[in-house]
Structure formats: C-alpha cells, structure tokens
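Okay, so here's the structure we're looking at.
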Number of protein chains: 2
Amino acid sequence: MKRPTINDVARAAGVSRGAVSYALNGRPGVSEATRRRILSAAEALGFHADSAARALAGAPSRTVGLSLYRPASTLGVEPFFMELISGLEAELSLRSYALLLHMVADRGQEAAVYRRWSRERAVDGVLVCDLLEEDPRLPLLRELGLPTVVVGPPPVGGAVAGVWSDDAVSLREAVEYLAALGHRRIGHVAGIPGLAHTRVRTDAFAALARRLGLEVASCAYTDYTGPAGARATRELLDVADRPTALLYDNDIMAVAGLAAAQELGLSVPGDLSVVAWDDSPVCRIVHPALTALTRDIPAYGRQAARLLLAAVDGRPAADVAAEVAHLTPRASTAAPADGRP
Amino acid sequence: MKRPTINDVARAAGVSRGAVSYALNGRPGVSEATRRRILSAAEALGFHADSAARALAGAPSRTVGLSLYRPASTLGVEPFFMELISGLEAELSLRSYALLLHMVADRGQEAAVYRRWSRERAVDGVLVCDLLEEDPRLPLLRELGLPTVVVGPPPVGGAVAGVWSDDAVSLREAVEYLAALGHRRIGHVAGIPGLAHTRVRTDAFAALARRLGLEVASCAYTDYTGPAGARATRELLDVADRPTALLYDNDIMAVAGLAAAQELGLSVPGDLSVVAWDDSPVCRIVHPALTALTRDIPAYGRQAARLLLAAVDGRPAADVAAEVAHLTPRASTAAPADGRP
DNA sequence: CTGAAAGCGCTTACAG
DNA sequence: CTGAAAGCGCTTACAG
C-alpha cells in the first residue's frame with residue numbers, strides 16, 4: 001500500500017517517466033491523446049507528485065510565505081488578518097499552492113525567516129504586509145530574488161508590485177461626509193507611525209482639511225490597541241476647541257474611543273461623531289452602532305494571491321487597485337450639536 | 001554566489017558528506033571534535049540543508065499542518081485563532097518547524113487536504129481544532145499515519161492526545177460565582193452543537209444546575225456570531241421566569257447579547273448579569289466592561305506545539321492539561337435585582 | 001569513528 | 001512526438 005510514484009503511472013500508461021512529467025505539468029512534448037491517457041492513469045492510481053522530489057528537481061515548491069510581525073499587545077486584536085488569510089487561501093487552493101505562515105515577535109526575525117525560506121527554497125514567493133516607509137525587507141527580498149507582492153500601498157519606486165486599496169479616497173469619503181453633516185473640527189486617531197498606509201491616510205487627511213478649511217484637524221498616533229485608542233481620544237478631546245468628530249484607524253480603537261467619550265460625559269453622536277476604519281461585527285454590535293469604512297477583505301486577499309502567483313510565474317505584476325473602502329453610515333454619526341456650519 | 005551545499009561544508013571541514021549530515025543532525029557517527037569542526041564550517045558558510053533534498057531522502061519535512069474550517073460568517077470573528085497560532089509559532093520556531101496553514105470552507109475539503117499533505121509528505125504532523133463528537137478526521141489521520149494532536153478535549157477512546165483546558169472547571173467557577181451573587185435563573189448561550197467542547201460545557205452546566213438546584217438553567221445553541229448571540233439572548237429572555245444571568249460561549253456573542261438586552265430595556269448588571277467565555281480587548285472596552293473567563297491562549301498554542309512535536313518524534317504523547325480559564329469579575333455582573341435568594 | 005555508494009522521486013535538456 | 005539519462009542535495013545503511 002505504498003504511494004504510487006511516477007514510475008507506476010508511466011508503467012500503467014505505457015510511456016516513459018518523462019512523458020508523464022510533461023503531461024502532468026501541462027508542457028509540450030506529448031500528444032493530446034497520450035496526455036489524456038496519462039492523466040487518466042494518474043487519476044486512477046491517485047497519483048500526486050511528491051512535493052520534495054518535485055522541488056529538488058528544480059520545480060517550484062508551490063508554497064508562498066507570509067511573515068507577520070505582531071507585537072504581543074496587538075495579537076488577535078484585529079480581524080483583518082484572519083479575513084485576509086482566508087482570501088489568500090481561497091485563491092491559493094485553486095492553484096494548489098500552500099501558505100506558509102510565520103509570526104515573529106520582532107522585526108529582525110523577519111529577515112532571518114526570508115533568508116531561510118530562500119536558502120531552503122521553501123517558498124516560491126512572499127507576501128509583505130504592514131509596509132514601512134523605506135522598508136528594509138524590500139531590498140533584502142530583492143537581493144534574495146524572491147518574488148514579492150506588497151499588501152498595501154506599494155513603494156513609490158515601483159520596484160515591487162502591490163495590491164492597494166486607495167485609502168486616500170476612503171478617507172475623503174469619510175471626512176467629506178462628516179463635513180457635509182456640519183463638522184468643522186475633526187480628529188484622526190491614526191495607526192502606527194512609520195507604516196506606509198498610516199502615512200497615506202494622515203497625508204490625505206491633512207490635505208483635505210486644508211482644502212475644506214477645517215477649523216481643527218488634529219491627529220494622534222497609536223499602536224492600534226484599545227487602550228491606545230482611548231488614550232488618543234482623551235488627548236484629542238482635552239483641548240479648548242475639541243473636535244466634534246473622530247475618525248479611528250481601526251474598529252477596536254473606535255469602540256474604545258466610544259467608551260472613553262461616554263466616560264468623559266459626551267454623548268455619541270450628540271456631542272461627538274465616531275467613524276471606524278474597517279468594519280467588523282463589533283461595529284454593528286455596540287451602541288450606538290458605528291459608522292464605518294467597509295471593504296471586502298477576503299477579496300483583497302484573493303487579489304494579493306493572484307498577483308503573487310503572477311509574479312511567481314514570471315508574468316509582469318503590475319499594481320492592482322483593490323476595491324476602495326466605502327462608508328456605511330450608522331448611528332454613531334450626526335450633525336454636531338453646536339450647530340456651527 | 002550559489003547557496004552552499006553539503007559538499008561545500010564537507011570540503012571545508014575535510015570530511016565526507018555523510019559525516020556532515022550526521023554532525024548536523026546530532027546523530028552518532030562522528031567524534032565530538034569533528035562534529036565541532038563541521039558545525040563551525042557550516043556556520044561559516046551559512047549552510048542550511050535544502051528542505052526538499054532533506055525531505056526526499058526521507059528526513060522529516062519539519063512542517064506541521066493546521067487545517068481550519070471556517071464558514072464565511074464566523075471569519076475573523078474570534079481572536080482565538082490568531083492568538084493560538086502565535087503561540088504555535090513561538091514554539092515551532094524554536095525547533096525550526098514551519099506551520100502550514102489551510103483554511104477550508106467546508107468540512108469535506110479537510111479530508112482532501114490531509115490526504116494531499118500525507119501523499120506529498122508535506123507535513124510531519126497535524127493539529128486538529130474544533131473537534132466534533134465522533135470526528136471523522138481522526139480515523140482518517142490514523143489511517144494516513146499522520147501524527148496528530150487535538151487542540152481541545154481529546155476523544156474518550158484515548159486514541160489521540162490532546163491539549164485540553166478543562167472547561168467543566170471554568171464553567172463551574174463562573175456559574176458558582178453567579179449563584180453566590182444570588183442568581184437562581186441562569187442561561188447558557190452555547191456555541192455550535194456537535195463540537196466536543198460545546199458538549200463539555202453544556203453537560204457541566206446541566207450537572208451543576210441540578211446540584212445547585214437552579215430554578216432555571218436554559219441553553220441555546222449558536223454559530224458563535226454576534227447576530228446568533230443576540231437572537232439566543234432574546235430567545236432565552238422571552239419567557240415568564242427569565243434568567244437573571246447569561247453565560248456566553250464567546251466574547252463577540254456576549255457583547256451582542258449585552259446590546260440586545262439593553263434594547264429590550266434591561267439594564268446590565270441591574271436586570272441581567274453577563275459573563276463572556278474567553279476574554280478579549282472587546283470585553284474591556286464595552287460598557288459595562290464584561291466579566292469574563294480568561295486564559296492564556298498563546299500558552300495553550302505553545303503546549304499544543306510541544307505535544308505535537310513529541311508525537312512527531314515518536315515520543316509518547318499523553319494528554320496535557322492546559323491552564324484552566326479563570327473568572328475575571330468586571331462590571332457586568334452583580335446580584336439580581338429581584339433579590340430572591 | 002569514518003568514507004564511498006545507493007537511493008529518495010521527480011524534471012529537463014538531449015538525442016533519437 | 002518520445003525515451004534514456006543525468007542530476008537536484010540530501011540521508012542512511014553498509015563496509016571498512
């Protein structure tokens with residue numbers, strides 16, 4: 001009851017091993033009739049090529065790697081990654097690719113992981129998340145020759161392709177919505193400074209605030225955790241001309257901010273409007289339900305997987321614009337109480 | 001600038017390839033002095049054995065597999081899995097093991113994944129989560145000869161080892177705490193029926209309710225999502241002698257239940273006490289903050305990884321009792337308003 | 001304690 | 001369009 005090998009298939013189909021390999025890999029070198037005979041023999045035997053042997057002979061490993069840097073404090077905080085991974089998987093499965101996941105506790109380890117993956121030929125390509133401005137991983141991956149796709153805004157140089165949901169557009173939609181309600185003082189509880197997509201959002205916010213002539217356009221950075229979101233909320237509200245609306249860079253901070261505002265005696269949305277970036281079940285559960293920027297994260301993952309597989313195949317991988325997050329108004333936003341235009 | 005192979009190391013150390021292999025894998029067959037010389041030569045060259053070649057020659061793949069069945073609706077709902085994975089990774093990294101992750105949309109696919117992993121020798125062992133009573137995966141994995149560890153209550157037969165946090169103990173702690181506060185009518189918003197750990201919890205609840213002589217001990221099943229939690233809440237409360245306390249099998253449902261109760265005009269904890277199973281940032285953020293059963297999920301993952309690696313090494317793998325979840329009282333629980341004993 | 005040799009199961013030029 | 005052969009980089013009995 002041993003696993004069938006390529007020899008068994010060759011014998012069953014009455015051809016050489018080479019022919020079987022060509023047929024199975026969809027390469028030229030066998031006639032259509034022979035190919036069909038070989039495929040059905042393989043099917044009948046339940047043959048699947050040994051991945052180690054395939055890899056050793058120079059074929060791709062059919063595996064892509066995702067290395068995630070997560071400090072203990074933000075672990076499991078955001079549903080984003082589980083949803084992203086599910087999208088990645090859905091697409092990778094279609095092509096019989098596997099996902100090798102690695103979580104590291106500090107950024108230095110990521111370089112070691114990439115080096116090992118490369119040396120051992122464990123993966124054919126790599127997905128990079130949470131890109132830093134001037135991210136050191138990119139030159140390393142380039143040096144290692146590992147096909148790479150960025151999940152998030154691609155670096156300006158264009159050296160590596162990315163799947164990118166244009167956060168500037170989403171930010172404008174949210175802030176213009178608040179402005180249309182009458183808000184003139186708006187705060188932004190941003191994510192981690194130094195991350196490329198944080199930069200995109202804060203830049204877009206600053207530019208739009210100028211264009212709209214907002215009275216107050218304040219910003220506070222966080223580490224995406226609930227406590228940081230609460231702290232930023234208190235900080236932004238503890239001023240003379242406090243904002244009448246706050247935009248949070250994730251759902252967990254928006255919920256924490258909602259609670260913090262209520263503790264300060266502010267009613268939402270009466271005294272303060274709250275918007276969350278990235279919708280999640282939590283946004284719909286709290287009271288008032290949170291107005292949120294919604295997007296299809298699994299779809300985002302599927303696109304990233306497709307782009308990476310294209311890069312792995314050597315096809316030109318151009319940046320892909322994913323669906324832009326759009327605003328889902330709920331009960332946490334309203335016209336400001338002070339009624340100023 | 002090619003990667004160094006075992007030949008390069010052998011040449012540098014002045015020994016045969018076989019000696020290098022023995023030295024690197026910590027097997028007998030080389031003297032201590034030679035071993036050291038070989039190791040430093042390998043270190044100097046930056047040599048890491050090619051994983052495909054190693055696997056093809058019969059060595060373990062140094063990879064373990066985790067296949068997760070997640071219906072789209074519960075995707076990313078629970079922080080549990082990200083935390084579990086982080087714990088798994090922490091331990092696997094120490095042993096230079098990788099984690100192959102596969103998410104499937106239906107249960108039938110899981111069998112196919114295990115068969116493929118086995119045929120291709122892609123993994124040395126498998127972690128199984130969300131065990132069903134009479135889970136068909138277990139006999140399959142046994143037939144495939146894949147070392148397996150269950151994350152959760154191990155099956156009664158003892159055919160496969162598990163890492164298990166004794167939920168019956170935690171359930172008793174929570175319910176006895178509620179009873180001590182004076183609650184005599186308690187409801188349990190349980191998870192998915194048919195899951196082994198759901199069964200452990202509902203059985204423990206029924207037994208304890210009998211022992212305590214509770215007036216009401218009702219139970220509703222869910223799929224772990226917020227809407228299901230809200231629905232179960234309304235269902236359990238829509239009776240003459242409604243419960244004065246509800247225990248929820250996850251955090252997201254507890255938050256949804258809190259909101260649903262408030263919509264029904266009930267105050268928490270005045271009219272209804274709420275307890276969440278598995279603590280998370282969300283529990284601390286909402287108002288009132290939720291009393292929760294807390295445990296160290298990454299630690300749970302680390303234990304599971306250690307157990308699986310033991311099984312992979314052929315060491316006897318006995319069930320491991322992980323830390324029991326303990327109650328963290330917060331503002332969502334209090335004595336019942338009706339004051340009945 | 002060491003070295004030479006076979007073999008793991010594929011892929012891919014290369015010659016027919 | 002097909003077949004025989006080399007080779008990918010290791011591991012592991014086996015003989016010294």
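To find a chain, count down the sequence lines: A is the first, B the second, and so on, and within it residues start at 1. Every heavy atom of this structure was used, including side-chain atoms; hydrogens, water molecules and symmetry mates were not. Remember, it's a predicted structure, so these values are computed and weren't measured experimentally.
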Can you tell which of C:dT2, D:dC10, D:dT2 lies closest to the side chain of B:Thr5?
-> D:dC10
Does atom CZ of A:Arg142 have more than 12 heavy-atom neighbours, drawn from other residues, nucleotides or ligands, at distances under 6.0 Å?
-> no
Expressed in angstrom and rounded to an integer, what is the separation of A:Arg121 atom CZ from D:dC10 atom P?
-> 9 Å
B:Ala196: what forms a side chain to side chain contact (heavy atoms under 4.5 Å, CB included) with it, not counting sequence neighbours?
-> B:Leu131, B:Pro153
Taken to the nearest whole Å, CZ/B:Arg17 to C1'/C:dC1 is 19 Å
Nucleotide D:dT11, atom P - distance to NE2 of B:His48 in whole Å | 13 Å
Cationic N near anionic O, under 4.0 Å, A:Arg107 to A:Asp130 = no
Measure from NZ or CZ of A:Arg295 to the centre of the six-membered ring of A:Tyr300 and say whether it is under 6.0 Å with the direction within 45° of the ring axis.
-> yes
Atom-to-atom span, CZ of B:Arg11 to C1' of D:dG9 - whole angstrom = 13 Å
A:Asn7 near the nucleic acid: base, sugar-phosphate alone, or nothing, with a heavy-atom cut-off under 4.0 Å?
-> nothing
Quick one: on DNA chain C, does B:Gly58 or B:Ser16 contact a more 5' nucleotide (nearest heavy atom)?
-> B:Ser16
Between C:dT2 and B:Thr34, is there an OP1 or OP2 to side-chain N/O distance shorter than 4.0 Å?
-> yes
salt_bridge(B:Asp50, A:Arg121) N-O dist < 4.0 Å | yes
By side chain to side chain contact (heavy atoms under 4.5 Å, CB included), A:Asn7 pairs with (sequence neighbours left out) A:Thr5, A:Arg11, A:Arg17
Whichever of B:Leu56 and B:Arg37 has the more 5' nearest nucleotide on DNA chain C, that residue is B:Arg37
Heavy atoms of other groups near B:Glu134 CD, more than 12 under 6.0 Å = no
All N/O pairs under 3.5 Å across the protein-nucleotides 13-16 of chain D interface:
{"unit_1": "D:dA13", "atom_1": "N7", "unit_2": "B:Tyr22", "atom_2": "OH", "d": "3.1"}
{"unit_1": "D:dA13", "atom_1": "N6", "unit_2": "B:Tyr22", "atom_2": "OH", "d": "3.1"}

Return the value, rounded to whole Å, for the distance between atom CG of B:Asn25 and atom C1' of D:dC10.
-> 10 Å
When A:Pro28 and B:Asp50 are each assigned the nearest nucleotide of DNA chain D, the 5'-most assignment goes to A:Pro28
Could you write out DNA chain D as a dot-bracket string, with dots for unpaired bases, | for bases paired across to another strand, and Watson-Crick or G-U pairs counted at under 3.5 Å?
-> |||.||||||||.|||
A:Leu45 CG to C:dG9 C1', straight-line distance once rounded to whole Å = 15 Å
Report the residues that fulfil side chain to side chain contact (heavy atoms under 4.5 Å, CB included) with B:Arg306, sequence neighbours left out, ordered by chain and then residue number.
-> B:Glu91, B:Arg302, B:Gln303
Counting any heavy atom closer than 4.0 Å, what does A:Ser21 reach on the DNA or RNA strands: base, sugar-phosphate only, or nothing?
-> base
Just how far, in rounded Å, is C1' of C:dT11 from CG of A:Asp124?
-> 15 Å
Of all residues at least two apart in sequence or in a different chain, which pass the side-chain hydrogen bond (donor to acceptor under 3.5 Å, both in side chains) check with B:Arg37?
-> none
Send over the distance from A:Arg119 CZ to D:dG9 P, rounded to a whole Å.
-> 15 Å
